Student: 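Structure below; questions to follow.
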4 protein chains.
Amino acid sequence: MADGAAAIADTSSSAVATGGVAADRLRSFIERIERLEEDKQAIMADMKEVYAEAKGEGYDAKIMRQIVRIRKMDRVERQEQEAILELYLSALGEA
Amino acid sequence: MADGAAAIADTSSSAVATGGVAADRLRSFIERIERLEEDKQAIMADMKEVYAEAKGEGYDAKIMRQIVRIRKMDRVERQEQEAILELYLSALGEA
Amino acid sequence: MADGAAAIADTSSSAVATGGVAADRLRSFIERIERLEEDKQAIMADMKEVYAEAKGEGYDAKIMRQIVRIRKMDRVERQEQEAILELYLSALGEA
Amino acid sequence: MADGAAAIADTSSSAVATGGVAADRLRSFIERIERLEEDKQAIMADMKEVYAEAKGEGYDAKIMRQIVRIRKMDRVERQEQEAILELYLSALGEA
DNA sequence: CGGCGCTACGTCCGTC
DNA sequence: GACGGACGTAGCGCCG
């Protein structure tokens, strides 16, 4: 390892042994990703369930999504406002 | 009827009390969604970490993503094949 | 024309004549796109110029971009708020 | 010093007057940017229209995008070739 | 050359 | 059942 560029192929010693190791390492990464991906899908399924349940009680999913989005935007904007404030402050600090 | 269409508004009794209850219920749904969303974000962050780590060892994230995608498609195809197979089998069982 | 699926290939009569026509039509679309793309690039260049000019007067482009983004978000959010209000109103109207 | 770093704040004389001027100047830049951004959005909308029209006649937008991209690369390459050629020519002229 | 922001693509949902 | 629209995610290009 510690090589970089080569992805998969060589890293150091014998092509065969090394290739095997690299492949195993790669496989490990891939599997970790896939495991996480599964978890993510599970969560997304839960979200769908919640929307479905809400719909079952007469709430409109479209509206709910919009509310979630707006609240998120509020949060994001808040953060950006803070970020910009910080930028201003650091800019002034350097004057 | 349950209520359906009205989202927010009525469910049954007095508009005021009900509005409050409906709002609380809605709030509850929204918060569940937002909680799940957070979890999802956390997982995505983990995935980014994995990609970063892999990159640090010389693997190309873009290629890894392609691999994941292809494997996923394989899985889907496999499932479809199995579904078809099952269909055939049940058809034969019923023949 | 009026066909769909086939992209380029057949549309109706003789492959040659038709192919020629389709190719010409495609070429026309492509060129329109490329013309628009050029215009877009020109505008983006103008924007860069403005940022550069501002920078020349001591304004920080990064901050400016953030301001522009926030203002845009404000606009979008405003619109979404209105959209949601409308949704609520129509939902209530149907109750 | 000219001003530089400070963005917003000082440029020269009294903080108040100057702040106002700087703010106005900044506002002007921001508005120019926003105006250009609008134009850009308009052009992008036009492009979407063209793609939609093409799609309506059976052409695949994704493929068209690829074509545009490839042609653009060709153009860029061509320009680079010419740049190199020019370089050679000027080198010879100066030799 | 690494991070960030914007654009473009694929997916999912609602519609007709 | 297909179409179009909306959303979220992935790729790309610019800036630092």
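First the proteins, then the strands, lettered A, B, ... as listed; each starts at 1. All figures in this text were calculated on a predicted structure; none of them were measured in a lab.
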Student: Protein within reach of the bases, or only the backbone? For nucleotides 10-16 of chain E, mark each nucleotide 5' to 3' as B, S or -, using heavy atoms under 4.0 Å.
Tutor: S--SS--
Student: I need the CE-C1' distance between A/M73 and F/dG8, as an integer number of Å.
Tutor: 15 Å
Student: Does either side chain, that of D/E77 or that of D/Q81, offer a donor lying less than 3.5 Å from an acceptor on the other one?
Tutor: no
Student: Rounded to the nearest Å, what distance is computed from the CD1 atom of residue C/I84 to the C1' atom of nucleotide F/dA6?
Tutor: 15 Å
Student: Given atom CD1 of B/I33 and atom P of F/dG8, what is their separation to the nearest angstrom?
Tutor: 11 Å
Student: So, are A/D74 and A/R78 salt-bridged, with charged N and O less than 4.0 Å apart?
Tutor: no
Student: Send over the distance from D/Q66 CD to E/dT7 C1', rounded to a whole Å.
Tutor: 16 Å
Student: Rounded to the nearest Å, what distance is computed from the CD atom of residue A/Q79 to the P atom of nucleotide E/dC4?
Tutor: 14 Å
Student: Considering heavy-atom distances to DNA chain F, does B/M47 or C/E80 have its closest nucleotide positioned more toward the 5' end?
Tutor: C/E80
Student: Find out if a path of hydrophobic residues (ILVMFWY) with successive side-chain heavy-atom gaps under 4.5 Å connects C/M73 to C/I67.
Tutor: no
Student: Taking 4.0 Å as the cut-off, does a side-chain nitrogen or oxygen of D/K72 come that near to OP1 or OP2 on F/dG13?
Tutor: no
Student: Taking the basic N atoms (NZ, or NE/NH1/NH2) and the acidic carboxylate oxygens, is any pair closer than 4.0 Å for B/R25 and A/E53?
Tutor: yes
Student: Would you call C/R75 and D/E34 a salt bridge, using N to O less than 4.0 angstrom?
Tutor: yes
Student: Between F/dT9 atom P and B/Y51 atom OH, what is the distance in whole Å?
Tutor: 13 Å
Student: Round to a whole Å and report the spacing from CD1 of C/I43 to C1' of F/dC14.
Tutor: 18 Å
Student: Got a sec, which hydrophobics cluster with B/I84, joining ILVMFWY side chains under 4.5 Å apart, including via others?
Tutor: B/Y88
Student: Quick one: C/D60 CG to E/dC4 P, roughly how many Å, whole number?
Tutor: 16 Å
